[in-house]
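One structure below.
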Amino acid sequence: MSPSDVEIVVIGAAWSASVGVIGLAVGWGVRHRSLRWVPLVVAVVAVASVVAGMVGTARAMFLSEHDFAVVLQVSFVAGVVSTTFAMVLGAGLVRSSKRLREDARRFGEEGHFAGGPGGPAEFGELSAELSRTSARLNEARRQETRLEESRRELVSWVSHDLRTPLAGLRAMTEALEDGLAEDPGRYHRQMRGEVDRMVRMVDDLFELSRIHAGVLRLTPESVAVGDVVSDALAGAEPVARAGGVRLSGRVEDGLVVRADVAGLSRVVTNLVSNAIRHTPRAGAVQIEGRAVPEGVELSVSDGCGGIEGDDLDRVFDVAWTGERARTPRPPETVPGSTWSATEAPPGLSSGFRPGYSAGFNSGFSSGAGLGLAIVRGIVEAHQGRVSVDNGEFGCRFRVLLPG
């Protein structure tokens, strides 16, 4: 560049920068006004900067009066065209902004956002994010509604589950006091069984409250899945044998998972207890453990006959027992006794309610519809997932724990 060229560039830059500073001040002044002013200010400042540079350097470039007038005319026409396009663009931005604002207003009133395509990419991203937020809020609202319903059902059902054995205990104590019990030792055993069942129910409620409060403490360590499954099968075998249910298990050799030993044992025990409870006589319950790409999968299959599609989503809800009636269907004959579960024991009639299975002991679960809710809470505390689907003969519960 020659010295004259450098001088022209410096002069043009100075004039254009001056206009740019003025444009920046104008833009700052209208920053809180309508969006339509932004492209208009940008277009005007751009054309004005070019014109200012031309005016400032006209003498240095030795332009004639005629050429200078032509340049100004061309610049004026370009300014009019760019300003027109800027106004059209600004109007489009305003329409997109109003549409997004209207969608947001309906979102606040109706709780549902249904934004459509159109407008700048940033508006589209904002609309998509609001749609995702709407979906999350709706899901949270549904979960909150279901949780509230579960809490109400829990209070009602647990009250019933406690009232029923207490009524039976009162009837049996009255029979013992009046000397109507033909076999007092037998009554004492039944009373002890009912007390144990209520203790398990209270323990389940306490465990569930810890899970919901987020204070469940886990001590992760390397756990041999085969040992956990073996212990669960050994503990469930007497109950399964009394109900005529076949138990079996199969775990891959050397399968290890990082988990809390007590929590994982509780998960397997609750699933096995639930499977035995809903499997008819001569049915089968099977446990399988295997390694999967995501970690370790434990599955428990039963012979319950399947769950209706509408109820699959409610399986892990608090106090859901799989039946509309609160009192579960008793077995035909109470294990370890000689009377039907729907009949009063010999010598006991006063205060005994039909349908109350006085001698039935479900094993190691309270049977209050809390076991599966506890399973979900413990599994999710391990950053895992639990699900259920219908198999060939019944249900299959899957627990996926990270490796």
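What you are looking at is a predicted structure, and each value in this text was computed from that prediction instead of being measured.
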> With no hydrogens and no angle check, do the side chains of T133 and R136 hold a donor and an acceptor under 3.5 Å apart?
Replying inline: yes

> Atom CD of E288 and atom CZ of R396: how far apart are they, to the nearest 0.5 Å?
Replying inline: 8.0 Å

> CZ of R277 to SG of C304: how many Å apart, nearest 0.5 Å?
Replying inline: 12.5 Å

> Which pair of non-hydrogen atoms, one from G226 and one from V251, has the smallest distance, and what is that distance?
Replying inline: N-CG1, 3.9 Å

>> I'd like to know if the side chain of D178 reaches the main chain of L180, judged simply by a donor and an acceptor atom lying under 3.5 Å from each other, with no hydrogens or angles considered.
In response: no

>> Any non-hydrogen side-chain atom of I307 less than 4.5 Å from a side-chain atom of N390?
In response: yes

>> Donor-acceptor pair, distance only, cut-off 3.5 Å: does the side chain of D302 make one with the backbone of G394?
In response: no

> Are the side chain of S273 and the backbone N or O of T269 linked by a donor-acceptor pair below 3.5 Å?
Replying inline: no

> Going by atom types only, do E139 and Q143 share a side-chain donor-acceptor pair under 3.5 Å?
Replying inline: yes

> So, E252 side chain and A291 main chain: donor-acceptor pair closer than 3.5 Å or not?
Replying inline: yes

>> Looking at R246 and A282, would you say the former's side chain and the latter's main chain have a donor-acceptor pair under 3.5 Å?
In response: yes

>> Would the distance check show the side chain of T279 and the main-chain N or O of G303 forming a donor-acceptor pair, the cut-off being under 3.5 Å?
In response: yes

> Is I378 close to D260 at the side-chain level, that is, under 4.5 Å between some pair of heavy atoms?
Replying inline: no

>> Set out, in order, the CA-CA distance, both residues' side-chain angles and the distance that settles side-chain contact (heavy atoms from CB on, under 4.5 Å) for L169 and M198, then state yes or no.
In response: CA-CA 11 Å; L169 287 172; M198 287 189 290; 3.4 Å; yes

> Quick one: are N274 and F397 in side-chain contact, heavy atoms under 4.5 Å?
Replying inline: yes

> Where is the tightest heavy-atom contact between A232 and V268, given as atom of each residue plus distance?
Replying inline: CB-CG1, 3.5 Å

> Tell me, do L372 and L271 make a side-chain contact under 4.5 Å, heavy atoms counted?
Replying inline: yes

> Can you tell me how far the CD atom of Q286 sits from the OG atom of S301, to the nearest 0.5 Å?
Replying inline: 6.0 Å

> If you measure from CD1 on I374 to CG on N270, what distance do you get to the nearest 0.5 Å?
Replying inline: 6.0 Å

>> As a test of understanding, state which of M191, R192, R197 forms a side-chain contact (heavy atoms from CB on, under 4.5 Å) with E194.
In response: R197

> Can you tell me how far CZ of R258 sits from CG of L218, rounded to the nearest 0.5 angstrom?
Replying inline: 11.5 Å

> Can you find a pair of side-chain heavy atoms, one from L264 and one from L298, that are under 4.5 Å apart?
Replying inline: yes

>> Taking the side chain as everything from C-beta on, heavy atoms only, tell me whether P402 gets closer than 4.5 Å to E294.
In response: no

> Are side-chain heavy atoms of R398 and D389 found at a separation under 4.5 Å?
Replying inline: yes

>> Please give me the minimum heavy-atom distance between V388 and C395, naming the atom from each residue.
In response: CG2-CB, 4.2 Å

>> Please give me the minimum heavy-atom distance between L401 and H382, naming the atom from each residue.
In response: CD2-CB, 3.9 Å

> Can you name the closest pair of heavy atoms from R290 and L255 and give their distance?
Replying inline: N-CD2, 3.5 Å

> Are any non-hydrogen side-chain atoms of V375 and V379 less than 4.5 angstrom apart?
Replying inline: yes

>> Give me the atom names and distance for the closest heavy-atom approach of V223 to A259.
In response: CG2-O, 3.4 Å

>> With rounding to the nearest 0.5 angstrom, report the CG to CD distance, L137 to E144.
In response: 11.0 Å

